2 protein chains.
Amino acid sequence: MEEKRRKLGAPIPDAQPSATLLDSGSVAGSPAAAAVEPVNPRLPIAPQIYERLRRAITTLIVLPSEALSEKELSLQLGVSRTPVREALIRLADEGLVDILPQRGSFVAPIRLRDVEEAQFIRESLEVAVARRLAGHCSPRFLSELKLNLARQESAVAEQDRDFFLELDEAFHRGLCEEAGLSKSWRVIQSVKLQMDRVRYLSLPEPGHLDVLLAQHRQITEAIERGQADEAGLHMSAHLKEVLGSANLLRQKLAHLIES
Amino acid sequence: MEEKRRKLGAPIPDAQPSATLLDSGSVAGSPAAAAVEPVNPRLPIAPQIYERLRRAITTLIVLPSEALSEKELSLQLGVSRTPVREALIRLADEGLVDILPQRGSFVAPIRLRDVEEAQFIRESLEVAVARRLAGHCSPRFLSELKLNLARQESAVAEQDRDFFLELDEAFHRGLCEEAGLSKSWRVIQSVKLQMDRVRYLSLPEPGHLDVLLAQHRQITEAIERGQADEAGLHMSAHLKEVLGSANLLRQKLAHLIES
DNA sequence: CCTTGTACTCTACCATGGTAGAATGTCAAT
DNA sequence: ATTGACATTCTACCATGGTAGAGTACAAGG
């Protein structure tokens, strides 16, 4: 039960052309000169390619304006061009890739205008979610939320930024889902990609996490008390805070940024 | 200069299997027993297929749960399966098609929950757009807007529903673009698809168009005066009105609706 | 009658080859 | 030195064939 799939053509040229770095985050230490981590041929391939490329772009493993050709990627990843192409199309839909017909596909530049609009869309939606949720949460959910906040506190105490970001995402996703708005979360996730590259660049300022945690608390309390206006205002302030450093970046990273 | 493309394989089996109706809205009278209108082989094909299918679904030419198989569509439309597949993937992203791996692709049922959430997303965004726009329009744009409103008035006078809906779309799109929020309009368009099928079903109630026009005027005036709160409230009321008839439909169309 | 196994048919999914078009470099003509 | 034609070499895009898997019909066995 090893090669159930992969019976047909393509000797698979061993994925060796110009050892590039598209490995996703394999947490456990990988052996020394590991080539590119192969995809799982038992699972749908296109989503795997999409996820890997998305991660490589948002973590700046591949930089803006870098070429992402169907053929090269398919060789590196050991799959055919079709799923690569489908992944690129989806990334282009989300604004992370520019496809120029008959010319090539390239990592999209960080367009500050797009980042700001993504911020606008996210804020508009999440403020509305918070307002709708105010006073309409199950006790079950409120206790979940507080457990999450407690974990955030310990993440802050240990200065574990990655863990905090993970809990932050769970916090916001949880609000959407408790409100029965899963599609909204999908939209938020989609536009958030534009901001993720910027967030990845922003240096971890000391004390920033404390601010974010405090804002999460304010949002939670306003929702619990049923104060829709306050919940919305706190959410708005919180989401503005997240991207506050964009102006700082504008100078430092002019070479990655368009507009 | 007729067959510049289309040199390679596929005799193209004349697109005759089970004359189905996927013609898009060819306004001019087409000859008698015209088969399916062929795609333009000089232009990118996948978007044409997408647009045609989207239109067929939102105008209920193809009904919920109807099969949309890659192969059959490619035969009917005289193209290969690849662009059909890409169009179906995009439609699935937008919730108009359900793709079940190894089973088939089907027109998605009208899920009232999804329709309501689409309404929520649209309202959240457009209220924010109206608020942001209040007091920040160019005189140029305001006169454009009033020209549009005047045309809406004549469309109402002539009871030309299609023309009114066209102007309505231009009105809302214009607000987004004047605010510099083109991506937001794309999101709105995408979620609006869920509502379009319902709107298409709603019978033209007499006097309804007058209400919508009056609301457009209220929104415009509040924006012109720079009254953000009022603009938002009018927009909210307006967008709620658009879908007010959903409850009426729930009974009449139980066979098309899920949940 | 109900279950189980087994061909058979259908699907979406992936691999892969061919095509036109865009960019670039070369070289002759101006 | 500049321009224009042509060849070369890329690209994304489309066509098409093969594959595994999910249903279904039906026969054999309970």
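Bear in mind that the values here come from a model prediction, so they are computed numbers and not experimental data. Computed from heavy atoms alone, side chains included, the values below leave out hydrogens, waters and symmetry copies. Numbers restart at 1 for each chain; the letters A, B, ... are given by sequence-line order, proteins then strands.
Considering only the side chain of Arg81(A), dG18(C) comes nearest among dA15(C), dG18(C), dA22(D). The side chain of Arg85(B) sits closest to dC14(C) out of dA22(C), dC14(D), dC14(C).
DNA chain D contains the following stems of three or more consecutive Watson-Crick or G-U pairs, with both distances under 3.5 Å: C:1-30 with D:1-30.
Salt bridge present: Arg111(B) and Asp98(B) bring a charged side-chain N and a carboxylate O closer than 4.0 Å. Between Arg140(B) and Glu144(B) there is a salt bridge, since a side-chain N of the basic residue sits under 4.0 Å from a carboxylate O of the acidic one. Using a 4.0 Å cut-off between charged side-chain N and carboxylate O, Glu117(A) and Lys183(B) make no salt bridge. For Arg54(A) and Glu94(A), the salt-bridge test fails: no basic side-chain N is under 4.0 Å from an acidic carboxylate O. A salt bridge does not link Glu116(A) with Arg113(A): none of the charged nitrogens is closer than 4.0 Å to a carboxylate oxygen.
Rounded to whole angstrom, the span from the CG atom of Asn40(A) across to the P atom of dC13(C) amounts to 16 Å. Spacing between atom CD1 of Ile99(A) and atom P of dC14(D) amounts to 11 Å, rounded to whole angstrom units. Look at CG on Leu77(B): it is 11 Å from P on dA15(D), rounded to the nearest Å. Regarding Arg42(A), its CZ atom lies at a distance of 23 Å from the P atom of dA12(C), rounded to whole Å. Distance, Asp98(B) CG to dA22(D) P: 18 Å, rounded to whole Å. One atom, CG of Leu88(A), and another, C1' of dC13(D), lie 13 Å apart when rounded to the nearest Å. Rounded to whole Å, the distance from CD on Glu70(B) to C1' on dC14(D) is 14 Å. Atom CD in Gln102(A) sits about 11 Å away from atom C1' in dC10(D), given to the nearest Å.
Where Thr82(B) and Lys71(B) meet DNA chain C, the nucleotide closest to each residue was compared, and Lys71(B) sits on the side nearer the 5' end.
Counted within 6.0 Å of CZ on Arg161(A), heavy atoms from surrounding residues, nucleotides or ligands total more than 12; the atom is thus considered enclosed.
Ser80(A) has no side-chain polar atom (N or O) that falls below the 4.0 Å cut-off from OP1 or OP2 of dC14(C). Side-chain N/O atoms of Ser105(B) include one lying less than 4.0 angstrom from OP1 or OP2 on dA12(C). Look at Arg103(B) and you'll find a side-chain N or O under 4.0 angstrom from OP1 or OP2 of dG23(D). Between Ser69(A) and dT11(D), a side-chain N or O to OP1/OP2 separation shorter than 4.0 Å is present.
Among the heavy atoms of the strands lying under 4.0 Å from Leu100(B) are primed sugar atoms or P, OP1, OP2 only; no base atom is included.
If you check the side chains of Gln189(A) and Glu169(A), you find a donor sitting under 3.5 Å from an acceptor.
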